[in-house]
Amino acid sequence: MPRLLPLTALLLSHALAAPLPMTPVPDAKTVAPVLNATSPNAPVPNVVPTPQKATYPAGTLPLSGLGVKVVGSAPELGWAARDLRAEWKTRLGTALPEGGQTPITLGTRADADLAARAKAAGLYTETPEGYALWVDASGAYVVGADARGAYSGAQTLRQLLAPTGLRHAKIQDAPAMKQRVAMLYLDGYSNPVNDRLIPLLAALKYNSVLVMSNYVQWDAARAGGWAHPGGATKAEAKRVAELARSYGLEPIPLLEMPGHAGWMFYGGKNLDLAQDPAMKEPYAYDTLNPQSYDRVVFPVMREILETFKPKVVHIGHDEARSPDRGRFPGRPNGVAVGFEKLFTDDTLKLYGFLKERGVGTMIWHDVAFSDALIGSLPARLPRDIQVAYWNYTGITNTDTMSRIAKLGFPVLGASWKAAGNPEGLSATALKSGASGMIQTRWSGYFGNPSIWDGMAEQGLALVRGAASFWNPAAPNVKNVVEVYRDLYQPAAFGKAAGTLVSLKPAVTRALSDEKGDAWVQKGPDTDLRALPTGKNVQIGAYRFDVSGAVMLRGSRAAAAELPEKVTLELGRKADALALLLTTGWPGTDRDVVGRLEVRYEGGSTLNVPLEYGRHLRAWTETAASAEHLSMIPAPGWTGKTRDGLDVNATVLEWTNPKPGLAIQSVTVVSEGKGANPTLLGLTLLGGK
């Protein structure tokens, strides 16, 4: 005999009869400063990277009458003024004028008056890229040890902006690491992604970018038929290089050779140059064939120099061979010579090509300085080759950087995303006498958008890396998700009115599970009772009316008898919907687990898919534990269960493409999979 659905499930499988109870509020969404402090009177604002020395006296310099005064003609001072004006326009919606009654003075110690003022304030510094910054009732001052230092100081000053003025401060600061490098990718998505990342990296005080350039559509590649259609154009590569420089970021192009060289074999071309002719998808080129260089490598290198005008080119030389990538050496003449000589001669050939043109060389460490070769191969390399030591683990206190430095090579550390990796490796690099650090990104050659949507954990690592490269001794960045979101997608300070929707008539599960028959039916120690409830609850930047969960059907036994869909009658206009969402159980990344059916006045409808990991995720999967993190859901609430499990609920803000039409209803639909959509709150934003 079939089991009967509970009465609640039967009722909710159809539309609720009348519009749900609603409460208009003036602050349905609030955007407050993230990078400084929500309250301008907080004892220590959140400045990233943390300055070396800083105090924050009480008080705020009012916005009225402020203007920019630039003392000096260095380009960096112009960039600093530009960035401050952009901050004012974005955050406050107003222009920051030239001059003004109260000055924001930007200059360097090359100006005698500013140098004297900095000394009088007790903030004088001569460290390269260092700066003195102070804000008091008389105005705001940024005095760089050099022009680059003034630019860095302006990035700190931006973070002291609050809705009412500039936070009072006294700061003397300088970087611990000379080179602070972040990776960029050049692909078909470069324009929208890199145009956001470059200002972000400048704000975080990086000073170089390592630019992955394998699949740029070079003239040589187009002529030879091996240009990848997903690669950036040569014109785009040039544009990105120029844009980076205008934000104080020196471009270091990366062309991976002799391994990772699949770029030159795209479309089945240049197969006669493959190191191992037996490989269906060649990985490395034949270093003994002059055509490898004359037909491919050197023409591309010439275009790289023409396009980027770099001081240094990174020529890869990592992971040159492995069992699953073919033989190296893979031809009889190469076997006779041996791998070490093949690798060394290739390195010297490329080094010589760049040296003749006044350009430096950088390589990865892992082949030339491996345990098997460090005793012989480095002795055959010029000592001005920069060596990047990559270590992507949490075990960062190794002596490899010290060993490379003792051999006479300039060395940089290279970190990735693991917990403690950029932080620990920065400290080790500083002790080892390294010249800097590289924050790497490995999101695939054509995965640029994933830095925000899909692999955003690597975007968070850009923030963590910047903080530790500048000041390895500082505490770790606590609110890294909010900082990254604020830098990548900056928003105006202020409040947006809206309407809180009561979901109480539609609730299918209670948040507290005293008897094992509510929430996910695991009892009181593993439920969502810690989530704040009430008619007007602040969750992240949003306000909601939270009374329980509209949990829908899923494949788990505990969710099998819930309704497949619930229709929420609204009858209101809205510019956007804020949905406090989660799922009862985890799902598969990018799997469509449900949808929103939006019905407008007049009868037109719109379907909005809900993808797991992209738009919503399980209450037990936090940003720190997400395997493929998306920043599309905004941070909402985080907490713990009674048994200590970290839990959360995120907010999906959906922009309404038809704000002029009233939304008659929103139907939340489940696909019945393991990850079952669960709505905890709904707020209509705008809607005038």
Side-chain angles (χ1 to χ4, degrees), residues 33 35-36 47-49 51 60-115 117-118 121 123 125 128-136 138-163 165-169 171-175 195-207 242-250 486-487 490 492-493:
L35 281 167
N36 49 28
V47 175
V48 180
T60 302
L61 177 65
L63 295 171
S64 178
L66 288 182
V68 175
K69 177 184 176 182
V70 175
V71 180
S73 58
E76 291 88 344
L77 298 175
W79 304 341
R82 173 204 63 198
D83 291 359
L84 287 174
R85 291 191 183 101
E87 192 76 14
W88 251 249
K89 190 67 176 175
T90 298
R91 304 300 192 180
L92 305 173
T94 60
L96 178 63
E98 195 84 23
Q101 295 178 346
T102 307
I104 298 175
T105 303
L106 306 173
T108 69
R109 64 186 177 92
D111 181 86
D113 178 62
L114 289 181
R117 284 173 178 261
L123 301 172
T125 178
E129 294 193 65
Y131 65 91
L133 182 159
W134 66 100
V135 182
D136 55 28
S138 67
Y141 296 84
V142 176
V143 182
D146 47 32
R148 174 70 213 196
Y151 185 62
S152 293
Q155 306 310 314
T156 298
L157 186 64
R158 291 170 60 188
Q159 300 181 49
L160 300 178
L161 180 63
L166 283 168
R167 170 71 185 264
H168 284 185
I171 297 172
Q172 182 176 309
D173 199 12
D195 284 11
R196 288 185 178 273
L197 282 178
I198 285 170
L200 177 151
L201 298 175
L204 290 170
K205 300 186 178 69
Y206 285 98
N207 60 8
E242 292 173 349
L243 182 65
R245 280 201 174 91
S246 76
Y247 280 88
L249 301 164
E250 183 62 29
D486 186 69
L487 287 170
F493 297 154

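Just so it is clear, the model here is predicted, and its values are computed rather than measured. Residue indices begin at 1 and follow the sequence shown.
- Under the ring pair (Phe, Tyr, Trp, His ring centres under 6.0 Å) criterion, W79 pairs with Y151, sequence neighbours left out.
- Remark: D111 does not engage R117 in a salt bridge, criterion side-chain N to carboxylate O under 4.0 Å.
- One finds the CG atom of L201 at 11.0 Å from the CG atom of N207 (value rounded to the nearest 0.5 Å).
- Residues D195 and P199 come closest through the heavy atom pair O-CD, 3.1 Å.
- Within the 4.5 Å cutoff, no side-chain heavy atoms of P33 are placed close to those of R167.
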Do any side-chain atoms of residues 103-110 form donor-acceptor pairs under 3.5 angstrom with protein atoms, and if so which ones, sequence neighbours left out?
{"from": "T108", "atom 1": "OG1", "to": "A110", "atom 2": "N", "distance (Å)": "3.2"}
{"from": "R109", "atom 1": "NE", "to": "A145", "atom 2": "O", "distance (Å)": "3.0"}

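- Looking at every heavy atom in both residues, P175 comes nearest to P128 through CD-O, 3.7 Å.
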Yes or no on side-chain contact (heavy atoms from CB on, under 4.5 Å) for L92 and L161, after CA distance, side-chain angles and deciding distance? CA-CA 10 Å; L92 305 173; L161 180 63; 4.1 Å; yes
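- Nearest heavy-atom pair, L487 versus A203, reported as atom, atom and distance to 0.1 Å: CD2-CB, 4.0 Å.
- The side chain to side chain donor-acceptor pair (under 3.5 Å) search around Y206 returns none, not counting sequence neighbours.
- One distance of note links CG of D83 with OG1 of T90; it measures 10.5 Å at 0.5 Å rounding.
- The two atoms that bring I171 and P51 nearest to each other are CG2-CB, 3.6 Å, heavy atoms only.
- Looking at every heavy atom in both residues, Y141 comes nearest to S138 through CE1-OG, 4.0 Å.
- The structure places CG of L61 at 5.0 Å from CG of L66, a figure rounded to the nearest 0.5 Å.
- If you take OG1 on T94 and CH2 on W88, they are separated by 8.5 Å, rounding to the nearest 0.5 Å.
- A salt bridge links R148 with E129: the distance from a Lys NZ or Arg NE/NH1/NH2 to an Asp or Glu carboxylate oxygen falls below 4.0 Å.
- V143 places none of its side-chain heavy atoms less than 4.5 Å from the side chain of T125.
- Rounding to the nearest 0.5 Å places CG of L84 at 7.5 Å from CD of Q155.
- Considering every non-hydrogen atom in both L160 and V135, the closest pair reads CD1-CG2, 4.3 Å.
- Taking CG from L133 and OG1 from T156, the interatomic distance works out to 6.5 Å, rounded to the nearest 0.5 Å.
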Output, in order, the C-alpha distance, side-chain angles, deciding distance and verdict of side-chain contact (heavy atoms from CB on, under 4.5 Å) for Q159 and E87. CA-CA 9 Å; Q159 300 181 49; E87 192 76 14; over 6 Å; no
